[in-house]
Amino acid sequence: MKKHSLFLIIVLSILTLTSCLKEDDNYPDLNYPAVSLFNFYPKNTGIVYAVNGNLLNQINPNYKGISMFYAIPGNKKLQVIDRLDNKAIIDTTLTFADSVVYSCMVYGTQEDPEFIRVPDVELKNAGTKTGVRFFHLANGVEKVNFKVGTQEIVGSTNRVKENPSTLAQTQIFRESNTGKTSVTVTDDKGAVLAKIDEIELEKNKHYNFVLIGSKGDSNYPLELTYSVYYITE
């Protein structure tokens with residue numbers, strides 16, 4: 001039986017990092033958990049990451065930057081560290097399973113940093129469809145609605161800001177039509193908060209769409225970003 005896994009290949013509107021490392025190891029092993037770290041924490045000095053007290057050395061610290069590493073399976077202490085004052089804004093212990101791909105996202109505000117982690121599990125028997133999922137990480141916005149063109153995606157209506165109780169549903173990639181389309185996030189009154197006017201959704205690829213930023217903040221405005229995954233065998 002073939003073993004499939006999702007792997008991040010492109011991040012649009014986000015700076016990418018090309019190399020993935022297994023905690024202090026220069027030779028990645030694709031059987032190890034692969035971890036993507038998305039920085040949506042609104043501070044221009046950026047953040048760095050430490051695993052079990054060791055700083056990751058292949059990182060992009062910038063806002064909207066992505067960092068990646070390979071973990072050894074088991075429990076790991078992950079710290080997200082503010083580069084300006086060298087203090088941990090997130091300090092958590094996570095369990096990583098062999099061969100699982102994960103996405104971690106740092107967001108919130110400087111007064112209240114937040115963090116989520118989700119597994120990246122591909123659609124089964126997608127056929128001619130593509131997989132999409134949507135995360136609401138924005139500040140100052142209540143319930144939102146996410147659409148691909150005119151298509152409503154399962155679980156993407158009246159979405160509250162992500163929290164531990166929402167992740168069981170929001171981490172799931174949902175079926176979407178392929179082809180060139182727009183992607184839109186609106187508020188509960190129908191006003192457009194963020195939009196990608198044209199995107200080509202391709203068969204068998206999987207897309208993370210993320211609403212980030214803060215309403216009314218010119219430095220970190222509301223913005224819809226996305227990343228693209230493909231299936232490896």
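Values below: every heavy atom of this structure, side chains too, minus hydrogens, waters and symmetry copies.
Side-chain heavy atoms closer than 4.5 Å link hydrophobic residues (I, L, V, M, F, W, Y) into clusters, and following such links, even through other members, never connects L137 to I172. V100 and L78 fall within the same hydrophobic cluster, defined by Ile, Leu, Val, Met, Phe, Trp and Tyr side-chain heavy atoms under 4.5 Å apart, directly or through other members. Under a hydrophobic clustering in which Ile, Leu, Val, Met, Phe, Trp and Tyr are joined whenever their side-chain heavy atoms come within less than 4.5 Å, directly or via other members, L55 and L94 fall into the same cluster.
Using a 4.5 Å cut-off on side-chain heavy atoms (C-beta onward), R133 and S103 make contact. A heavy-atom distance below 4.5 Å is not found between the side chains of T178 and T128. At least one side-chain heavy atom of F69 sits under 4.5 Å from a side-chain heavy atom of V51. Residues N219 and P42 have side chains not in contact (no heavy-atom distance under 4.5 Å, counting atoms from C-beta outward). Proximity of E162 to M105: side-chain heavy atoms (C-beta onward) are nowhere separated by under 4.5 Å. Side-chain contact between M68 and Q58 is absent, with no heavy-atom pair separated by less than 4.5 Å. A 4.5 Å side-chain heavy-atom check between F135 and I116 finds at least one atom pair inside the cut-off. Taking the side chain as every heavy atom from C-beta outward, Y63 and N44 never approach each other to under 4.5 Å.
Pairs of residues two or more places apart, or lying in two chains, that qualify as side chain to side chain donor-acceptor pair (under 3.5 Å) and include a residue from residues 82-96 are K43-D82, N75-T95, Q79-D91.
For E202, the salt bridge (charged side-chain N to carboxylate O under 4.0 Å, His left out) partners are K205, not counting sequence neighbours.
Here the CG-CD1 distance, from L37 to I47, works out to 8.0 Å after rounding to the nearest 0.5 Å. Between atom CD1 of residue I66 and atom CG of residue N60 there is a gap of 9.0 Å, rounded to the nearest 0.5 Å. Put simply, OG1 on T157 and NZ on K143 are 11.0 Å apart, with the number rounded to the nearest 0.5 Å. Taking CD from E122 and CG from N204, the interatomic distance works out to 9.5 Å, rounded to the nearest 0.5 Å. N163 contributes atom CG, which lies 8.5 Å from atom OG1 of T170 (distance to the nearest 0.5 angstrom). Atoms OH and CD1, on Y49 and I59 in that order, are 7.5 Å from each other to the nearest 0.5 Å.
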Requested in this report: Just do the side-chain contact (heavy atoms from CB on, under 4.5 Å) check on F146 and R159 with the steps written out, would you?
Outcome: CA-CA 8 Å; F146 170 78; R159 287 283 299 278; 6.0 Å; no
**Report entry** Derivation and outcome, side-chain contact (heavy atoms from CB on, under 4.5 Å), residues I72 and Y32
**Finding:** CA-CA 6 Å; I72 297 172; Y32 281 87; 3.9 Å; yes
**Report entry** Stepwise side-chain contact (heavy atoms from CB on, under 4.5 Å) test for D120 and V118
**Finding:** CA-CA 6 Å; D120 302 331; V118 294; 4.2 Å; yes
Report task. Before giving the answer on side-chain contact (heavy atoms from CB on, under 4.5 Å), spell out for T109 and Y220 the whole-Å C-alpha distance, their side-chain angles and the decisive distance to 0.1 Å. Result -> CA-CA 10 Å; T109 64; Y220 302 98; over 6 Å; no
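For CD of E142, the number of neighbouring non-hydrogen atoms (other residues, nucleotides, ligands) closer than 6.0 Å is 12 at most.
No donor-acceptor pair under 3.5 Å is formed between the side chain of R174 and the backbone N or O of S156. Between the side chain of N39 and the backbone N or O of G65, no donor-acceptor pair lies under 3.5 Å. Although no hydrogens or angles enter the test, the distance criterion places no donor-acceptor pair under 3.5 Å between the side chain of D187 and the main chain of V144. Between the side chain of Y107 and the backbone N or O of H136, no donor-acceptor pair lies under 3.5 Å.
Across all non-hydrogen atoms, the minimal contact from A97 to P33 is O-CG, 3.0 Å. Between A138 and K161, the closest heavy-atom pair is O-CD, 3.4 Å. The two residues P113 and Q110 have their closest heavy-atom pair at CD-O, 4.0 Å. Of all non-hydrogen atoms in E175 and Q151, the two that sit nearest each other are O-NE2, 3.7 Å. Residue N139 comes nearest to L222 through the heavy atom pair O-CD2, 4.3 Å, listed as atom of the first residue, atom of the second, then distance.
Relative to the six-membered ring of F96, R117 meets both conditions, a distance below 6.0 Å and an angle of at most 45° to the axis.
The aromatic rings of Y226 and Y207 sit tilted relative to each other, their planes meeting at an angle between 30° and 60°.
Under 3.5 Å, the side chains of N54 and N52 contain no donor-acceptor pair of N or O atoms. For N208 and Y229, the side-chain atoms include at least one donor-acceptor pair closer than 3.5 Å. One side chain, K129 or N177, offers a donor N or O that lies under 3.5 Å from an acceptor on the other.
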Identify every side-chain donor-acceptor pair in residues 188-201 under 3.5 Å, counting partners at least two apart or on other chains, and give the distances.
none

